[in-house]
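As structure tokens, the structure follows; a few thoughts come after it.
Computed from a predicted model, the values in this text were never measured in an experiment. All chains are named by letter (A, B, ...) in the order of the sequence lines, taking the proteins before the strands, and each is independently numbered beginning at 1.
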Amino acid sequence: MTNNTNSGGPGFEHNQEPATQNNPKNNIRDTDKPIYKEPNIPAPLLSPYNPALSEPVAISINEKSGLANPDKCIELGLTSTDAPHYSIVLPPPNVTGTLHLGHGLMATLQDISIRFERMRGKQALWIPGTDHAAIATQSKVEKDISKKEGKSRYDLGRDEMLKRIDAFATESHDTIVTQIKRMGASLDWSREAFTLDEARNKAVRTVFKKMYDDGLIYQGSRIVNWDPKGQTTISDDEIVHEERKAKLYTFKYSKDFPISISTTRPETKVGDTAVAVHPEDERYAEYVGKTYDLDFCGSKISVKIIADHAVEKDFGTGALGVTPAHSMVDWEMSRRHDLPVVQVIDEKARMIVSQDSPLYDKEKNIGMKTTDAREKVVEWLREQGLLEKEEDIIQRIGTAERTGGIIEPLPKKQWWVAVTKPFTIKHSNISGVQSGQQTTLKEIMQKAVSEGQIAIMPEHYNKTYFHWIDNLNDWCISRQIWYGHRIPVWYKMGSSDQSSGAISSSAKSEVYCDVLSPTEAGLPDADMYVQDEDTLDTWFSSGLWTFSTLGWPDNIDAKTGETMAGSDLSRFHPTNLLITGPDILFFWVARMILMTGYALGEIPFSKVYLNGIVRDIKGQKMSKSLGNGGDPVEISEKYGADALRMFYAMSTAPGTDSRLDENKIKGFKHFANKIWNIVRFVLTATENHTYDKSFSGWTEKDSVLRAERDDIFKAVTREIEESKYHLASEKVYQYTWSTLADVILEDSKFVFAGNDEEAKLSRAKFLLETIRLITIVAHPFMPHVTEEVWSLLTTGKSLIERVQNDTSHATINPSDLLMAQKWPF
RNA sequence: GGGCGAUUAGCUCAGUUGGUAGAGCAACACAUUUACACUGUGAAGGUCACAGGUUCGAGUCCUGUAUCGCCCACCA
């Protein structure tokens, strides 16, 4: 059990022979003679410390102890129901594969915090879980299936496709859990959640229904970001702009048309309904208000000349062909000027034109692809002598983050969350937002941070946050994919067009939205209802994470609307700390603030710590495509999870990027060994003495040493509280190595060699006290080596020895573990 | 176009009430059966990007410049 993880992987290069690894007693460099002169060093104290051997044992013992569950800690008397609560939710990793070294950073910092607070006697809860990551996961599986079987999701059908995705997600989940556990994360697995499981689905439906009833969720036709590759809508935040070369064409629609326009997309011009010029542009003033009926490349179009401030006078000809159906800007202009919307491109990025149009592919009997149509239109313009200019420009083009498809703006009917629409909030604990008063979701997001209830670290991200909120538009929450929470809306057949894709003018009666489906609710004509095909944006469900994981809405009394006393929700919400990456500040952090504020009238957490990005040694961002992601398990096997954790803690200030340097990690492996050897020295040098809490015969010198030491550990305590893990860990490191080992231990050799018995006694007591304290204070950072050392200090035996004939760890009393000890400062 | 951040030793980075510049790694010299070679000691290494300003005093505060990075945005 303890060493099945290192069966000779490529990264596993220890100086010991594999054959001797199972037995610490054989772990001696020179086979003939023992290297230690002292005859009575206990076997578990042999050197060097071997994390690959010790860590899996410590992890197993920590996990089986159940101490990560605050209820167990209450049961054991380590904390009580009166004690303050401290809770963190693990940002759920996507089930799209495996964790990389960036995840390790977040997990480490959270674990430091939770272990620290647990040792301080709080009811500490850290909740694990994973995220279904809708589009990301589906497109990953789609890609795999397409590659291996040459099939699309439509070939498989919705049910079969979902089965395949579930299978992949399960496998991915299991890998991720193994990885997280190997880092020594003390999560309460009994409360594990998944963003797409049944309990979370209930939370999603409940919030959806509430928002729907409050008029905050609405269905509307708008220009959406359509990803032709993924065949779905995506939100503004999921777009990545890329610079590409493009050609800018300048031309007139026809010989009689008075104004030349410029565009990079001539094929969309068959959908133009206006030409816009700047209101103060004298060149075109005389034409404003006139309408021209034209024949453009086989399509009849009607173009009105309008004046609008959105037009830049000095760009191109200063005139813009307005295509309301296929451009965001143009759409908004069309609303201002009441222009008709003509859709000429479909979901597959093909032209919607009549069969006699030159842009119609007569062989395939379908509209041409937009790229082909573009060439065709340019060709036509040339033939007609309308093309005036053709120039190369660099264009910033929107692409889908997940699939890489080029975004095609299309008018579609989608579900939206209105962020500026006023509603009455029944109950609010958010400062600046009063119970029973009107507010907006945007205001909730603003006030929660601006009133100081939520602190963002580092502070300068406040500005980024507010800037985003100020420019926030309604949130498009529907996705045309299959993997995710299906929209809890049903249409009665015959009365409505249930496809959300098409703009339908049919009357929309008999729309049913509720937590329970018509069948579950027992509607008499339940079988006549058909559920909306679309699923929800993955961030809709992860936005509920802090409270959906704590039993909402089941922990709410249906009659009073109050949170039930003693429930997880009442005990652990709001959570205390969120540690995550700044890249999901908008996606996730802001959405959690929105959702929690709306559903509970609460903040989701009081502190947000945004960690930097872990880069590779060259400074490149870790990514799967570059293959430089790195596996935290591999590093842990090689150097120890403690070493990796110490690296994370010490090399990363909040919000600043760090580079993963194996050399440094190796240095922290040495540090674990240093702790180990300090303990060996102290235990052998103080053989005749025992730890004595009430000892008071300190020499003057040792009193000073004690005071210095305590000052440093008090500072460490303060810095962990303030989430300054880099400062706290550095102090532990510096004190242990440079002060204790290099100065005090060396000095102690003289003390022990001398004949001042009083000084010897005092020093021995000091050292025994100090190694206990260091072990405790270092535990949140390096839980494994410290747990192992603690075992030696308290029982005289190593953990390995203690569980050798006890695989169920029945002989280990959880309360005796270091993890359960009281923080002394 | 707007916003945010960074610039400190060869490398990677710390350094918040403004008070004599720090760590790890690398490199150099020395020590060598020592708790630990996964070691110790010592020395070396910086005009804290640049230019101004405030101050008795600025890596730290203010203004501007340069370079790099990130985020947002509707130049067709």
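Atom NE2 of A:H467 and atom P of B:G5 are 13 Å apart (whole Å). A:I678 has its CD1 atom 12 Å from the C1' atom of B:U39, to the nearest Å. Here the P atom of nucleotide B:C4 and the CG atom of A:D657 are 19 Å apart, to the nearest Å. Going from atom CE of A:M650 over to atom C1' of B:C13 covers 10 Å, rounded to whole Å. The distance between atom CG of A:D742 and atom P of B:U41, rounded to the nearest whole Å, is 4 Å. Distance A:I774 CD1 to B:C36 P: 18 Å, rounded to the nearest Å. Rounded to whole angstrom, the span from the CD atom of A:E242 across to the P atom of B:C71 amounts to 12 Å. Atoms NZ (A:K618) and P (B:U12) sit 14 Å apart, rounded to a whole Å.
Checked against B:C36, B:C71, B:G40, the side chain of A:N677 finds its nearest nucleotide in B:C36. Minimum atom distance to the side chain of A:R680 is reached by B:A35, of the listed B:A35, B:G40, B:G5. Distance from the side chain of A:T264 is smallest to B:A76 among B:C72, B:A76, B:U34. For A:K664, counting side-chain heavy atoms from C-beta on, the closest listed nucleotide (B:G24, B:C72, B:G15) is B:G24. When each of B:G40, B:A14, B:G24 is scored by its nearest atom to the side-chain atoms of A:L727, the top-ranked nucleotide is B:A14. Nearest to the side-chain atoms of A:K749 among the listed nucleotides B:A35, B:A14, B:U12 stands B:A35. Ranking B:C38, B:A23, B:U12 by closeness to the A:Q734 side chain, first place goes to B:A23. When distances are taken from the side chain of A:N663 to each of B:U39, B:C25, B:A35, the shortest belongs to B:C25. Checking B:A76, B:A14, B:A35 against the side-chain heavy atoms of A:F315 singles out B:A76 as nearest.
Listed for the A:S729 side chain is a donor-acceptor partner under 3.5 Å among the backbone atoms of A:H726. One N or O on the side chain of A:E55 and one on the backbone of A:A641 form a donor-acceptor pair closer than 3.5 Å.
The partner of B:U33 is absent, by the rule that a Watson-Crick or G-U pair needs both atom distances under 3.5 Å. Pairing for B:U16 is absent, with no Watson-Crick or G-U wobble pair whose two atom distances lie under 3.5 Å. Judged by Watson-Crick or G-U wobble contacts below 3.5 Å, the nucleotide B:G24 has B:C11 as its partner. Using N1 to N3 plus N6-O4 or O6-N4 for Watson-Crick, or N1-O2 and O6-N3 for G-U wobble, each under 3.5 Å, B:C68 pairs with B:G5.
Considering only side-chain N and O atoms, A:W737 lies nowhere under 4.0 angstrom from the phosphate OP1 or OP2 of B:C36. Listed pair A:T656 / B:A14 meets the phosphate criterion, a side-chain N or O lying under 4.0 Å from OP1 or OP2. Between A:H670 and B:G24 there is no side-chain polar atom (N or O) within less than 4.0 angstrom of OP1 or OP2.
Aromatic rings of A:Y292 and A:Y253 (six-membered ring for Trp) have centroids beyond the 6.0 Å cut-off, not under it.
Residue contacts for A:A672: at a heavy-atom cut-off of 4.0 Å it reaches no nucleic acid atom on any strand shown. Contacts of A:E746 with the nucleic acid, taken as non-hydrogen atoms under 4.0 Å apart, include base atoms. A:S262 comes within contact range of at least one nucleobase, with a heavy-atom separation under 4.0 Å.
The side-chain contact (heavy atoms from CB on, under 4.5 Å) test with A:V288 singles out one residue from A:V277, A:I306, A:D281, A:V275, and that residue is A:V277.
For the residue pair A:Q446 and A:S450, no side-chain donor N or O sits within less than 3.5 Å of a side-chain acceptor on the partner.
If you check distances only, the side chain of A:K674 does reach the base of B:C36 with a donor-acceptor pair under 3.5 Å.
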